[in-house]
Structures are given as C-alpha cells and as structure tokens.
Amino acid sequence: MTSMPFRTSTIETFVATIASIAMLAIFAAPSRADDDSSILRFNRGTVEPAQLTLPANTQVKLQVTNAGDSAVEFESFELHRERVVQPGQTITVIIPRLAPGTYQFVDDFSHGAVKGEIVSR
C-alpha cells in the first residue's frame, strides 16, 4: 500500500508539469497584433512606417492609428480594404494571407499624397 501514494503523486506531478508547459507555450507565443511590424500610424500628412513588411501567407491583424487631428482613410485597392480612422482612434484591419509581393495603400482623404506599401515576404 505504500507504493500507491507514491504512484499517485508521480502521476499528479507529471500531469501538473505537462499542464504548466502547455500554459507556458500558449502565453509565450508571440502575437502579431502586439508586434510593432503590424502597426501603421498616420499623423498630419505622414504615415509610419511608409513601407511595412509582413510575413507572406499569414493573416495579420494590422493596427492602424490616427494620431493626427483630422480623419484619414486607409485604402488599398489591391487588398480590397477601405476604412476611415477618426482622430485619436486605432482600428484593426485584417490583412489576409498575402502572396509574396508589394501592395500599395493610401490615405484616400489626402487625395493620394500620403501613401505607403506593404511588402509581403
């Protein structure tokens, strides 16, 4: 009977270890939305970065921030995306899995003066 508590304790320890490793893997996995490479920032006639590199064949949640004092319109004909961003607002634009290449975007409210590109590699 003395071997039974040891065996239960060993199994419980093993299960707890596996659960801990699984939780660590879940919470340690990088999130594209938290990565600076998935953020665009419009501000008074500029956009940073003007060239954004994203991984090919991977859906990305692109955070678009308007730090200026008037509305901007993130628009990309190639990506079929068009979203108005009010001053002080951050929106999420889902970028689908892109084939490698270059995709143009503009602030349509600037009549094309503010433009950039997304490079998928």
Side-chain angles (χ1 to χ4, degrees):
M1 291 269 187
T2 59
S3 64
M4 186 60 115
F6 175 76
R7 186 172 187 191
T8 302
S9 176
T10 302
I11 292 172
E12 288 172 356
T13 301
F14 177 74
V15 170
T17 301
I18 295 298
S20 296
I21 291 170
M23 293 301 285
L24 180 63
I26 289 169
F27 290 113
S31 169
R32 293 290 314 159
D34 294 337
D35 186 346
D36 287 342
S37 65
S38 62
I39 297 173
L40 285 178
R41 184 170 191 239
F42 288 88
N43 190 12
R44 296 186 176 127
T46 64
V47 62
E48 292 182 10
Q51 184 181 69
L52 180 66
T53 302
L54 298 177
N57 303 311
T58 303
Q59 179 177 295
V60 174
K61 292 180 180 180
L62 178 63
Q63 302 298 308
V64 180
T65 297
N66 180 358
D69 50 11
S70 60
V72 298
E73 182 178 19
F74 173 83
E75 183 165 358
S76 174
F77 294 109
E78 296 165 331
L79 298 174
H80 307 288
R81 300 292 184 268
E82 180 178 17
R83 297 281 305 273
V84 174
V85 188
Q86 297 299 327
Q89 185 181 34
T90 297
I91 64 164
T92 301
V93 177
I94 303 298
I95 304 297
R97 298 169 193 251
L98 299 175
T102 302
Y103 303 84
Q104 306 297 316
F105 68 86
V106 297
D107 166 14
D108 200 35
F109 290 167
S110 75
H111 305 288
V114 178
K115 56 187 170 185
E117 61 186 15
I118 294 173
V119 178
S120 178
R121 293 186 186 159

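Computation of the quantities below employed the complete heavy-atom set of this structure, encompassing side-chain atoms and omitting hydrogens, waters and symmetry-equivalent molecules.
Linking ILVMFWY side-chain heavy atoms closer than 4.5 Å, directly or via other members, places I95 and F77 in two distinct hydrophobic clusters. When the side chains of ILVMFWY residues are joined at heavy-atom separations under 4.5 Å, either directly or via intervening members, V106 and I39 end up in two distinct hydrophobic clusters. When hydrophobic clusters are built by joining Ile, Leu, Val, Met, Phe, Trp and Tyr residues whose side-chain heavy atoms come closer than 4.5 Å, directly or via intermediates, I118 is grouped together with V60.
Taking the side-chain contact (heavy atoms from CB on, under 4.5 Å) definition, one finds that A50 meets it with nothing, sequence neighbours left out. In terms of the ring pair (Phe, Tyr, Trp, His ring centres under 6.0 Å) criterion, residue partners of F105 (sequence neighbours excluded) are, by chain and number, F74. Considering only residues two or more places apart in sequence or on other chains, T90 meets the side-chain hydrogen bond (donor to acceptor under 3.5 Å, both in side chains) condition with T65.
Every pair passing salt bridge (Lys or Arg N to Asp or Glu O under 4.0 Å) that includes a residue from residues 65-86 is listed here, sequence neighbours excluded: R44-D69. Applying the salt bridge (Lys or Arg N to Asp or Glu O under 4.0 Å) definition to pairs two or more places apart or across chains, none involves residues 85-96. Sorted by first and then second residue, the pairs that involve residues 110-121 and meet side chain to side chain donor-acceptor pair (under 3.5 Å), not counting sequence neighbours, are Q51-E117, Q104-E117.
Between L40 atom CG and D107 atom CG the span is 11.5 Å, to the nearest 0.5 Å.
Here the closest heavy-atom approach between residue T46 and residue N43 is recorded as OG1-O, 2.8 Å. The two residues Q86 and A71 have their closest heavy-atom pair at OE1-CB, 3.8 Å.
Under a 4.5 Å side-chain heavy-atom cut-off, the cluster of Ile, Leu, Val, Met, Phe, Trp and Tyr residues that includes F109 is completed by V84. Taking Ile, Leu, Val, Met, Phe, Trp and Tyr as hydrophobic and joining them when side-chain heavy atoms fall under 4.5 Å apart, one finds V119 isolated, its cluster having no other members.
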Practice prompt. Evaluate the criterion side chain to side chain contact (heavy atoms under 4.5 Å, CB included) for residue pair R41 and V47; output intermediate values, then yes/no.
Written response: CA-CA 5 Å; R41 184 170 191 239; V47 62; over 6 Å; no
